[in-house]
Amino acid sequence: MRIGIVGYGNLGRGVELAVKENPDVELVAVFTRRNPDTVKIQTPNVPVVSVDKAADWIEKIDVMILCGGSATDLPIQTPEFAKMFNVIDSFDTHAKIPEHFEKVDAAAKNSNHVAIISVGWDPGLFSLVRAYSNAILPNGKDYTFWGKGVSQGHSDALRRISGVKNAKQYTIPIEAALEAVRSGSNPELTTRQKHLRECFVVLEENADAATVEHEIKTMPNYFADYDTTVHFISEEELQKNHSGLAHGG
């Protein structure tokens with residue numbers, strides 16, 4: 001199976017490593033919005049190509065794996081690439097999945113391609129865990145907690161805000177909610193009662209911190225439904241203290 005990767009951030013690099021572990025899968029090309037000459041991948045003799053040239057590879061790639069962010073990349077990229085290729089993405093903005101499905105489904109049907117969306121942690125692997133667990137315990141109740149750890153999708157959403165140079169976001173379970181669930185009392189918990197959001201943000205020069213903070217805290221589907229703390233720090237501090245991808249759950 002001939003694979004193409006669109007986007008070479010952490011997810012794109014992870015897909016590349018997974019491809020290398022499967023002898024029946026071949027990485028054909030990596031597509032990027034950056035200058036291809038500046039992107040160094042780990043697979044020898046595989047070209048890095050401008051995403052604008054993707055149409056030139058229609059007969060050379062069986063499946064295109066889209067590794068962009070859910071905030072602004074995949075809502076546009078997945079329907080467009082589904083016109084040209086079989087595609088897989090990891091779209092994870094839960095409230096917008098039906099809308100995303102409709103757009104991708106229409107594009108894939110019109111071009112006779114297969115499109116698989118929302119293949120990630122949640123939705124994705126966590127969805128399978130919930131499905132199996134509810135099948136085994138039909139009178140049970142499921143809860144999902146993430147963290148404490150970095151959310152790549154939420155960090156990407158922060159970096160798309162005007163005035164933000166760089167950022168990392170941590171998802172933090174609220175201990176009282178965890179204790180209530182573990183007690184077996186089956187509490188009814190709102191989104192706000194389950195997790196906190198903590199953001200570490202590097203501002204562009206002359207950006208207004210108050211405006212950026214307001215935009216973060218009111219961002220629908222990402223921060224508006226949570227108690228969110230925003231810290232403005234230097235690029236040096238971000239690289240020193242927040243360059244990893246620590247995660248727990």
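Position 1 is the first residue of the sequence; numbering continues from there.
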Centroid-centroid under 6.0 Å between His154 and Tyr170 rings: no
Minimum heavy-atom distance between Ala82 and Val87, given as atom pair plus value: N-CG1, 3.9 Å
Donor-acceptor pair between Thr229 and Arg197 side chains, under 3.5 angstrom: no
Salt bridge (Lys or Arg N to Asp or Glu O under 4.0 Å) evaluation trace for Asp62 with Arg2: CA-CA 5 Å; Asp62 298 314; Arg2 301 170 299 175; 3.1 Å; yes
Salt-bridge present (Arg130, Asp122; N to O < 4.0 Å): yes
Distance in Å, Thr218 OG1 paired with Glu213 CD, rounded so as to fall on 0.5 Å steps: 10.5 Å
Residues clustered with Val164, ILVMFWY side-chain links under 4.5 angstrom: Leu158, Ile161, Val201, Leu203, Val212, Ile216, Met219, Tyr222, Phe223, Val230, Phe232
Value rounded to 0.5 Å, distance of CG in Asn241 from CZ in Phe200: 8.5 Å
Met1 side, atom CE; Asn86 side, atom CG - distance, nearest 0.5 Å: 9.0 Å
Check: Gln42 main-chain N/O paired with Glu16 side-chain donor or acceptor under 3.5 Å: yes
Glu235 with Lys240: basic N within carboxylate O range, under 4.0 Å: no
Over 12 foreign heavy atoms within 6.0 Å of NE2, His94: yes
Side chains of Asn221 and Thr93, donor plus acceptor under 3.5 Å: no
Heavy-atom pair of closest approach, residues Ser90 and Val119: CB-O, 3.3 Å
Nearest-0.5 Å distance, CG of residue Asp156 to CG of residue Asp73: 6.0 Å
Atom of Met64, atom of Ile5 and distance for their closest heavy-atom approach: SD-N, 4.1 Å
Heavy-atom pair of closest approach, residues Ser183 and Ala180: OG-O, 2.6 Å
Ring geometry between Phe145 and His195 (parallel below 30°, tilted from 30 to 60°, perpendicular above 60°): tilted
Centroid-centroid under 6.0 Å between Phe85 and His113 rings: no
Shared hydrophobic cluster, Phe91 / Phe126 (ILVMFWY, side-chain heavy atoms < 4.5 Å): no
